[in-house]
Every structure is written in C-alpha cells, then in structure tokens.
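Step one of this worksheet: look at the structure below.
For ligands, and for the atoms within them, numbers begin at 1 and follow the listed sequence.
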Amino acid sequence: MKKVAFYTLGCKLNFSETSTISRQFEEKGFLKVDFQENPDIFIINTCSVTENADKKCKKIVKEAKKISPNSYVTIIGCYAQLKPKEISEIDGVDAVLGAAEKFRLIELLDDFAKAQETKVLASEIQEATIYNNAYSINDRTRTFLKVQDGCNYGCAFCTIPLARGKSRSNTIESVVKSAEEIAASGVKEIVLTGVNIGDFGIVEGKRNERFADLVFALDEVEGINRFRISSIEPNLLTNEIISFAAKSKRFVPHFHVPLQSGSNTILRKMGRRYLRELYEDRVSKIKTLMPHACIGVDIIVGFPGETDELFLETYNFINELDISYLHVFTYSERANTRAIEMGGVVPKKKRNERSKMLRILSDKKRRKFYEENLGKTFSVLFEEDVEDGKIHGFTENYIRVAAKYDPILVNEVRRVTLDQINDKGNVEVIEPEFVYEKH
Ligand code: SF4
C-alpha cells in the first residue's frame, strides 16, 4: 500500500480541493499519512496569492525530500498553473499539474513511477472549463464546501482568474446533495466557498441558477446547524440575500465582504464593480436587520496611486463604518496584472506603515464588537481547539469564545452568555449551558 501525504497553502478553496483529492487516493487504496510519516508520494497544493510562493514551494519540496528521499513529489494549485516551468526546475519535483489536470492526477501520473524528466501537465487556463466538486472533511466540526470556481471580473491587482479560469459552478441540486452527505457524517457547520461565490450559477458558460436560490435551498438541509458564506462581493450581496439571512434557520449573521479601498478613485483604478456608497449601504442594511451581525472586511493597502490623502479617505471611511474586523493585505506587484503597469507606485515602507495602521484599527473594531455583545446569549460550536485548559469555538456571529475545557464539548453547540473579554482577546464564558441547539 503506497503512502501519500498532502500539504496545502492558501485559501479555504485549496483546503476543500486537497481534501477531495485525498479522498480519491483513499478510494484507490492509498494510505493517507502525515507529512512526517515517510510517504511514497507528496502532493503539494500551492497558492499564488501567498507572499514568496516560489520560496515557500521550494522549502516544502526540500523538506519532503529530507523526510523521504525517494518519494514522488507532485505540485498542483494556483502557483502550479501560473508558473509550471519554473516549478518543474525545482530540484526534487517529479510532476506539475495545472488547474484542468489536478483532479485527474492519479490517472495521469502513471503509478507515480519516477522518470528522468519532470512531468509538466498544465494546459492553458482556458482549458479549465469543467467544474470539479470539492469539500473538506478535516475534523467533524466544520467543512468547507466549494460551490463555485474561477472569476470573470478581472480586478487590476488579481491573478486568480489566470490561475483558476472563468467563473463556473456546481448546480444547486449537487450542492444540496453534498451538504446532505456532509450532514450525515456528523459535521455541524458548512462554510460555502468559491472564488466569487455571489456569481454562482454559471454552468458551461451559461447562467442557469442564482446564488440566492442556492441559499434558499440549503436552508432546508436537515442536520446542518449552520451555513456560513465565506466571502461575497458587495455588489452581489443583494437585499434579497441579506433579508433572507436575517430570518434564516441556518444561515448565520456573519458576512465577509471585500472592500479593498475606501476611496472611489482607487476603487475605479482597481476595476472593482462598486463605489464606497454601495458598500456603506450594504453594511447599513445588514446592521438594520441584524444589529448583532459580524461584518469582516478585506482591504488592500499601497495600491498604485494610493496617495497619503487617498489612504486617509480609506482609513476614515472604515473608522466610521459599523464593521467588526479587517483582513489587511499589503499590495504586492504580480506579473501579468494591469496594476503592475500603473504609475504612482507606493514605497514598500509606506505600504507597511499603512498596513500597520489598519491592523490596529481592526483590533479596535473587533474589541468594540466583542464589548457590544457582552452579556448577550448566543450559541457556540466548540471545536477541537484547546489551549491552556480552555476549549474554543465560535458564536454564530463569529465571536471567538473560550470556556473551561471539557472533552464532551467538542463538536457540540451550546447556549452561552458572553461574560468577559480575557487577556488573549477572546470572550470568556463561565458556564456553557447544557442544551442542544435544535433545528
Ligand atoms: S472579484 Fe476581483 S479580486 Fe476577486 S477573484 Fe475576481 S478578479 Fe480577483
């Protein structure tokens, strides 16, 4: 029995895909092992957004070869699609597979027999037109379920459409089936993932279905306590979806909505499909219907042309917005993007200063959001996340909660009253109630 190990870099989508590919291996009789357990085959799923993707990839390959010198090393993922040749030249790599090939790797790699030459099977990204279903099952608590792949938007800074291709989706029927399978395995929370999931519904180039209808259908799936939407573009987060979430049985009051800049000048340069007024309107709609909702925001600092003045516009805009936390990204130049050709390059030092300012703002926002919710009662799904005698989990509105560790709490949903914020910045509960949350 050949042993195979996996390593994943990047986003939830990559995790869901690695997990699905690992199940393909298990179905074919391979033994899935940890990276350290002397595997015969390594599959490394890469990301192109990660800083220094090339260095990281090289480092992991080196480590793999140290653990298992005769192993077969395969590289897949976004970075493999963007730079197959560069990766094939890394010492120790046996095969590189692109976006159109990665789900067929067992069939394509011919028993994983080592050859003199590195195998490169990466077609042009236009060939990646087939949708491959994927979901992760790592522990029993939470699953990432892919519903959509690729993107047709073409933002000036983004390489994802080059690495993942055009927007394409699963069907509602098939997503519901996957959700039912996941429910049957005992998982309580599903996080819907994709590249641009609000654009859900395109099958073979034609728009057949709508994301809102997917949400309505999933809300009926028995056995799942919670659905979380991983991230959705503000222009696609419609009033219909927000209003439905406000009265939904299972969709939680947590939205992650990329803003990228609070300056309309920069939003236009980025080629985003909304202005800050629309964003403000989305936040206010969510907060009017769900005052306790958590809103996360992606921001890029240091995009070309972002003067001190325009950055301040972003800072002040976010400062005024009723949001709960930020994910701050520092702009970095990527080959084959429109942004790399733009003038007004922001010095690296300035990019880092701006990033630091927004990270401090994010901490303040999160703290304020947590404080506003103290004394209120929510349900927490406890995870196998134990540190210093405390078990952790998240409320439906994404507050990280700590309680005294009790093994019985793992993968349990409990009602809790949020008591205090501890020195680690988590909300502490004294006594989780012993009641199941039933749907
Ligand atoms: S919406 Fe823009 S940033 Fe998001 S994946 Fe598509 S092109 Fe990239």
Side-chain angles (χ1 to χ4, degrees), residues 9-17 45-51 53 77-82 98-99 125-126 128-129 131-132 134 144 146-170 191-202 205 207 210-211 229-238 241 255-276 278-279 282 295-306 314 326-342:
L9 289 161
C11 62
K12 297 174 177 125
L13 202 53
N14 265 11
F15 278 92
S16 70
E17 293 183 338
N45 195 356
T46 59
C47 167
S48 62
V49 176
T50 319
E51 269 311 309
C78 294
Y79 181 48
Q81 177 64 41
L82 289 180
I125 192 61
Q126 291 82 344
T129 52
Y131 181 81
N132 292 287
F144 301 125
K146 172 180 160 187
V147 301
Q148 183 273 345
D149 201 348
C151 184
N152 294 346
Y153 273 25
C155 300
F157 52 82
C158 185
T159 53
I160 294 175
L162 305 172
R164 285 196 165 266
K166 289 259 175 233
S167 182
R168 55 202 186 277
S169 309
N170 203 348
V191 183
L192 301 181
T193 63
V195 173
N196 185 350
I197 68 175
D199 195 40
F200 173 90
I202 301 177
R207 182 171 301 284
R210 296 185 322 146
F211 183 62
I229 299 170
S230 62
S231 172
I232 182 162
E233 290 291 301
N235 49 308
L236 298 173
L237 180 58
T238 58
I241 297 170
F255 299 89
H256 193 96
V257 192
L259 169 65
Q260 311 307 18
S261 172
S263 146
N264 281 344
T265 311
I266 297 295
L267 286 173
R268 287 195 183 98
K269 285 191 85 178
M270 286 176 164
R272 303 286 291 164
R273 299 198 178 189
Y274 55 87
L275 296 176
R276 59 190 242 158
L278 177 126
Y279 197 93
R282 301 295 77 204
I295 303 178
V297 182
D298 286 342
I299 283 285
I300 297 173
V301 291
F303 187 79
E306 189 188 60
T314 292
L326 304 171
H327 281 174
V328 185
F329 299 89
T330 305
Y331 172 76
S332 69
E333 284 74 9
R334 307 270 171 207
N336 303 317
T337 57
R338 279 181 287 124
I340 204 171
E341 313 286 336
M342 290 179 183

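With hydrogens left out, the protein atom closest to atom 4 (Fe) of ligand 1 is Glu233 OE2, 4.2 Å, a heavy atom. The shortest contact between atom 8 (Fe) of ligand 1 and any protein heavy atom is with Cys158 SG, 2.3 Å. Atom 2 (Fe) of ligand 1 has as its closest protein heavy atom Cys155 SG, 2.3 Å.
The contact set between ligand 1 and Tyr153, taken as ligand atoms under 4.0 Å from a residue heavy atom, comprises 1 (S), 6 (Fe). Listed by number with element, the atoms of ligand 1 under 4.0 angstrom from any heavy atom of Phe157 are 3 (S). Distances below 4.0 Å separate heavy atoms of Pro161 from the following atoms of ligand 1: 7 (S). Each of the following atoms of ligand 1 lies closer than 4.0 Å to a heavy atom of Arg272: 1 (S), 2 (Fe), 3 (S).
A donor-acceptor pair is defined here as one N or O able to donate and one able to accept, closer than 3.5 Å; no such pair exists between the side chain of Tyr279 and the backbone of Ser261.
Here the shortest heavy-atom pairing between Cys78 and Arg164 reads SG-NE, 3.6 Å. Considering all non-hydrogen atoms of both residues, Glu233 and Tyr274 come closest at OE1-CE2, 4.2 Å. Across Ala128 and Ala99, no two heavy atoms sit closer than the pair CB-CB, 4.1 Å.
For atom 5 (S) of ligand 1, the nearest non-hydrogen atom from the set Val195, Leu236, Asp298 belongs to Val195.
Thr159 contributes atom OG1, which lies 11.5 Å from atom OH of Tyr79 (distance to the nearest 0.5 angstrom). Asn235 contributes atom CG, which lies 4.0 Å from atom OH of Tyr153 (distance to the nearest 0.5 angstrom).
Here Pro258 has no heavy atoms under 4.0 Å from ligand 1, in either its backbone or its side chain.
Relative ring orientation between Tyr331 and Phe303 is described as perpendicular, the plane-to-plane angle rising above 60° on a 0-90° scale split at 30° and 60°.
Among the backbone and side-chain atoms of Cys151, no N/O/S atom is found under 2.8 Å from atom 8 (Fe) of ligand 1.
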